[in-house]
Amino acid sequence: MQTPTGSAALGIRRLESIVFFVNDASRSHHFYTELVDFAQTGRSSLVLESATGERSAVYEAGAVGVVVTEPFRPESRSGRYLARHPDGIYALVFEVEDVAQTFAVL
């Protein structure tokens with residue numbers, strides 16, 4: 001019997017969210033809330049920001065979620081990423097049927 005390939009084997013249900021690392025979160029905020037009609041539905045806490053050196057905001061429209069993260073310390077994860085790359089997608093977050101099965105397939 002052949003092992004199935006693609007999203008069936010991984011058990012992907014949907015794309016949960018997209019994580020963007022950006023140098024200018026205010027520009028992204030304007031884009032999502034004013035130009036493409038997303039709502040800001042969350043943001044990182046001051047405790048998390050202090051621990052990570054970065055700020056995040058969550059924008060949603062329908063079932064689509066976007067997390068925008070901006071560094072304020074260069075040694076943060078997003079700061080290190082943006083030192084080597086332009087603004088862009090850092091991660092895709094998927095909802096899966098069974099995370100243990102998905103890891104086993106991967």
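These numbers come from the heavy atoms of this one structure, side chains and all, not from hydrogens, waters or symmetry mates. Everything quoted here is computed from the prediction, not taken from an experiment.
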Answer yes or no: does atom CZ of Arg27 have more than 12 heavy-atom neighbours from other residues, nucleotides or ligands under 6.0 Å?
no

How many angstroms lie between [atom1] in [X] and [atom2] in [Y], if you round to the nearest 0.5 Å?
X	Y	atom1	atom2	value
Phe94	Leu15	CZ	CG	5.5 Å
Arg80	Arg73	CZ	CZ	11.0 Å
His29	Glu34	NE2	CD	6.5 Å
Asn23	Leu82	CG	CG	4.5 Å

Ser56 backbone acceptor or donor facing Arg43 side chain under 3.5 Å
no

Does the Ser17 side chain pair with the main chain of Gly65, one donor and one acceptor, at a distance under 3.5 Å?
no

Test Thr33 against Phe38 for side chain to side chain contact (heavy atoms under 4.5 Å, CB included), laying out the working first.
CA-CA 5 Å; Thr33 61; Phe38 277 57; 5.7 Å; no

Is the Tyr59-Tyr32 ring centre distance short of 6.0 angstrom?
yes

Pair Tyr90 + Phe20: ring centers closer than 6.0 Å:
no

Would you indicate whether the side-chain heavy atoms of [Y] and [X] approach each other to under 4.5 Å?
X	Y	result
Arg14	Ile12	no
Phe21	Ile89	no
His30	Leu35	yes

Just checking, any donor-acceptor pair under 3.5 angstrom between side chains of Glu54 and Thr69?
no

Can you give me every donor-acceptor pair (side chain of residues 99-106, partner residue at least two apart or in another chain, under 3.5 Å) with its distance?
residue: Thr102; atom: OG1; partner: Leu10; partner atom: O; Å: 2.5
residue: Thr102; atom: OG1; partner: Asp98; partner atom: O; Å: 3.2

What heavy-atom pair brings [X] and [Y] nearest, and what distance separates the two atoms?
X	Y	value
Ser76	Thr52	CB-O, 3.1 Å
Pro71	Val22	CD-O, 3.3 Å
Val93	Val19	CG2-CG2, 4.2 Å
Asp24	Glu70	CA-OE2, 3.7 Å

Does Arg55 make a cation-pi contact with Phe72, if we ask for NZ or CZ under 6.0 Å from the ring centre and within 45° of the axis?
yes

